[in-house]
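For ligands, and for the atoms within them, numbers begin at 1 and follow the listed sequence.
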Amino acid sequence: MESFAGRLAVVTGGGTGMGRELVVQLAAEGASVATCDLNADTMAETVRLAEKEAPAGRRITTHECDVSVESEVERFRDEVVAQHETDHINLLFNNAGIAGGGSFITGPRAVWDQTFAVCWGGVYNCSRAFVPLLVASDQGYVVNTSSVNGFWASLGAGMPHTAYSAAKFAVKGFTEALIEDFRVNAPHVKAAVVMPGHIGTDIVLNSRRLLLGADPADMSDEQLDTIKADMARRGMPVEQLSAGDLRQIIQMMGESFRDNAPLSAAQAATIILDGVRAGKWRILVGDDAHFLDEAVRANPEGAYDHRTGGPALSTITGG
Ligand SMILES: NC(=O)c1ccc[n+]([C@@H]2O[C@H](COP(=O)([O-])OP(=O)(O)OC[C@H]3O[C@@H](n4cnc5c(N)ncnc54)[C@H](O)[C@@H]3O)[C@@H](O)[C@H]2O)c1
C-alpha cells in the first residue's frame, strides 16, 4: 500500500505509545482512523494531537474497548462501521499490549492469563472482527505487533518472561500463516508482523497499573512484597529497602524504560508505516531488534545460554 491518503485505518491501543503515534502519523498522511483503548482520556489526547496534523475531511474516532473481550471488540467493530459509514476498512493495526506474566512457576495465574489474553487474545479477537472488513476492501493490510520476544523468549539471565513471549510467538506465527491464507483466499490483502526492540514508551508503568490496578504510589504492602521478592530473585539488593524506597524504585524503573530507549514511539511508528508502504511482511524496529534477529539465527542452540554470551536484551537496552 503506497499511500494512506483516503484510507480507513483501525488502530488498537491508540491511547499512548506506538499506537498513539500510529494514529497521529496516519492522520497526517490523510487517513481516517478509528482507535480503541481502555482509557478514554489518553485517547482524547491522541485525537487532539492527530487533529492538529490531519488534512480536512479526515475523521478520527475513539472507542472504549478491551481487546481481550470478544463482545467488546464486536461492539467496537459495529461502531466503526456505523460512525465511518463504511462496509470495509483498509488497515488494521493490532498494537494493544501489556507486559507481564514473567514466571509460569511462581507468578500469579491471573496475571499470566490476562497478559496472554490481551497480547494474543486481542490480536485474535480483532482479527476475527475486522479481517472480513479488510477482505471487503479493494486493498487491505493487517499489521500485528509482536516483539523481539516473538522470536526470542527471554529478557536475559534471571528474568523469566513466559506469558508475554508465548503470546508474541503466537502473534508472529499467526501473522506468518496468514500470508499464504490471504495469497490463496484474498490476494488483495497483506499481513505484516512488527517486531520492535526497546522503544521508549510507558508500557512498563501502564502494564503494572492495568495488571495490579495501582500505580506504585498506591500499591498495597502485599503487591510491594511480591515485586520485592521478584527483584531479590534477580539478584537486586532490596532487603533493606522501605516500602517508600521500593515505590520510588518501581516508578523510576518504569520511567527509565521510557526515557533511556534507543528509539522513541514516534520513530518506531515511522519505521512501521514505512514497512507497510514498502509492502513488507516482517518489520523489525530498532538496531537492537536487528541484532537479536541475527544473533538468534546465527546460533539458535545458544540463544538461551547466558553463560556463553547468548544475546542478552538487557545488556543492549538496559531494560
Ligand atoms: N515498548 C517496547 O519496548 C515494546 C517492544 C516490543 C513490543 N512492544 C509492543 O508494542 C505494542 C505497543 O506497546 P507500547 O510500548 O506502545 O505500550 P503503551 O503502554 O504505551 O501502549 C499500549 C496501549 O494499549 C492499551 N491497552 C492495554 N491493554 C489493552 C486492552 N486490553 N484493550 C485495549 N487497549 C489496551 C494501553 O492502555 C495503552 O494505551 C504492544 O503490543 C507491546 O507489547 C513494545
Side-chain angles (χ1 to χ4, degrees), residues 10-24 34-46 62-73 75-76 93-101 113-126 129 143-152 155 161 163-172 175 193-211 254-269 271-272 283-286 288-289 292-293 313-314 316-319:
V10 169
V11 179
T12 70
T16 59
M18 283 181 265
R20 166 177 285 172
E21 298 300 333
L22 285 169
V23 174
V24 170
T35 189
C36 82
D37 206 291
L38 299 167
N39 189 325
D41 294 339
T42 55
M43 277 194 292
E45 175 62 8
T46 297
T62 61
H63 309 263
E64 275 184 69
C65 166
D66 181 341
V67 295
S68 69
V69 179
E70 188 168 17
S71 59
E72 293 196 23
V73 171
R75 178 181 43 74
F76 170 36
F93 292 87
N94 278 316
N95 160 80
I98 51 174
D113 289 356
Q114 195 181 341
T115 302
F116 194 79
V118 174
C119 289
W120 161 245
V123 172
Y124 176 76
N125 290 336
C126 292
V143 184
N144 292 331
T145 298
S146 173
S147 164
V148 290
N149 296 127
F151 61 80
W152 186 59
L155 284 177
H161 200 40
Y164 186 82
S165 300
K168 295 299 188 181
F169 266 69
V171 171
K172 181 167 183 284
T175 312
V193 57
V194 176
M195 293 165 285
H198 181 187
I199 311 299
T201 73
D202 275 325
I203 190 168
V204 172
L205 293 168
N206 289 341
S207 300
R208 280 211 198 277
R209 186 183 311 116
L210 290 170
L211 287 166
E255 290 171 4
S256 160
F257 182 90
R258 180 193 62 210
D259 298 338
N260 296 304
L263 280 182
S264 69
Q267 289 170 314
I271 291 169
I272 294 167
I283 303 173
L284 290 157
V285 185
D288 51 352
L292 271 172
D293 182 49
L313 183 62
S314 53
I316 301 165
T317 65

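- At least one heavy atom of C65 lies less than 4.0 angstrom from ligand 1.
- Ligand 1 lies less than 4.0 angstrom from a heavy atom belonging to K168.
- For atom 44 (C) of ligand 1, the closest non-hydrogen atom of the protein is M18 CE, 3.5 Å.
- The atoms of ligand 1 that sit less than 4.0 Å from any heavy atom of H198 are 3 (O).
- The option from T201, T115, I203, T16 that lies nearest to atom 38 (C) of ligand 1, judged by heavy atoms, is T16.
- Atoms of ligand 1 lying under 4.0 Å from any heavy atom of G17, numbered from 1 in the order shown and given with element: 16 (O), 20 (O).
- Ligand 1 has no N or O atom lying under 3.5 Å from any N or O atom of S146, backbone or side chain.
- Checking only distances, I199 does come within under 3.5 Å of ligand 1, N or O to N or O.
- Contact annotation: the side chain of R258 never approaches that of V204 to less than 4.5 Å [non-hydrogen atoms, C-beta and beyond].
- Of all protein heavy atoms, the one closest to atom 41 (O) of ligand 1 is N95 O, 2.8 Å.
- Of all protein heavy atoms, the one lying nearest to atom 6 (C) of ligand 1 is P196 O, 3.4 Å.
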(Q) Under the criterion side-chain contact (heavy atoms from CB on, under 4.5 Å), I'd like the reasoning laid out for F93 against V194: C-alpha separation, chi angles, the key distance, then a yes or no. (A) CA-CA 10 Å; F93 292 87; V194 176; over 6 Å; no

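- Within ligand 1, counting atoms from 1 as listed, the ones closer than 4.0 Å to a heavy atom of I98 are 27 (C), 28 (N).
- Residue Y164 has at least one heavy-atom neighbour below 4.0 Å for each of these atoms of ligand 1: 6 (C), 7 (C), 8 (N), 9 (C), 42 (C), 43 (O).
- Considering backbone and side-chain N/O atoms, V148 never comes within less than 3.5 Å of an N/O atom of ligand 1.
- Close approach of ligand 1 to L210 (heavy-atom distance below 4.0 Å) involves ligand atoms 27 (C), 28 (N).
- Counting only non-hydrogen atoms, the option in G15, S147, G197, A289 that gets closest to atom 5 (C) of ligand 1 is G197.
- The shortest side-chain heavy-atom distance between P262 and D288 falls under the 4.5 Å cut-off.
- Of the listed options V171, D37, D66, V67, D37 places a heavy atom closest to atom 37 (O) of ligand 1.
- Nearest to atom 29 (C) of ligand 1 among the protein's heavy atoms is L38 CD1, 3.6 Å.
- Of all atoms in ligand 1, listed by their number and element, those nearer than 4.0 Å to a heavy atom of A96 are 24 (O), 34 (N), 35 (C), 41 (O).
- In this structure, the protein non-hydrogen atom closest to atom 22 (C) of ligand 1 is G97 O, 3.9 Å.
- Defined by atom type and a distance below 3.5 Å, a donor-acceptor pair is missing between the side-chain atoms of T16 and D202.
- Set against the non-hydrogen atoms of N206, the atoms of ligand 1 under 4.0 Å away are 18 (P), 19 (O), 20 (O).
- The two atoms that bring I283 and I271 nearest to each other are CG2-O, 4.0 Å, heavy atoms only.
- Short contacts between ligand 1 and F257, defined as distances under 4.0 Å to a heavy atom of the residue, involve ligand atoms 1 (N), 2 (C), 3 (O).
- Atom 23 (C) of ligand 1 has as its closest protein heavy atom G13 O, 3.6 Å.
- The closest approach between a heavy atom of T42 and any atom of ligand 1 is not below 4.0 Å.
- Of all the heavy atoms in F116 and A163, the pair that sits closest is CD1-O, 3.9 Å.
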Q: Would you please test R20 and E45 for side-chain contact (heavy atoms from CB on, under 4.5 Å) and show each step?
A: CA-CA 9 Å; R20 166 177 285 172; E45 175 62 8; 3.3 Å; yes

Q) So N94 and N144, side-chain contact (heavy atoms from CB on, under 4.5 Å) or not? Walk me through it. A) CA-CA 5 Å; N94 278 316; N144 292 331; 2.9 Å; yes

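- In this structure, S146 and K172 approach most closely via the heavy-atom pair OG-CB, 4.0 Å.
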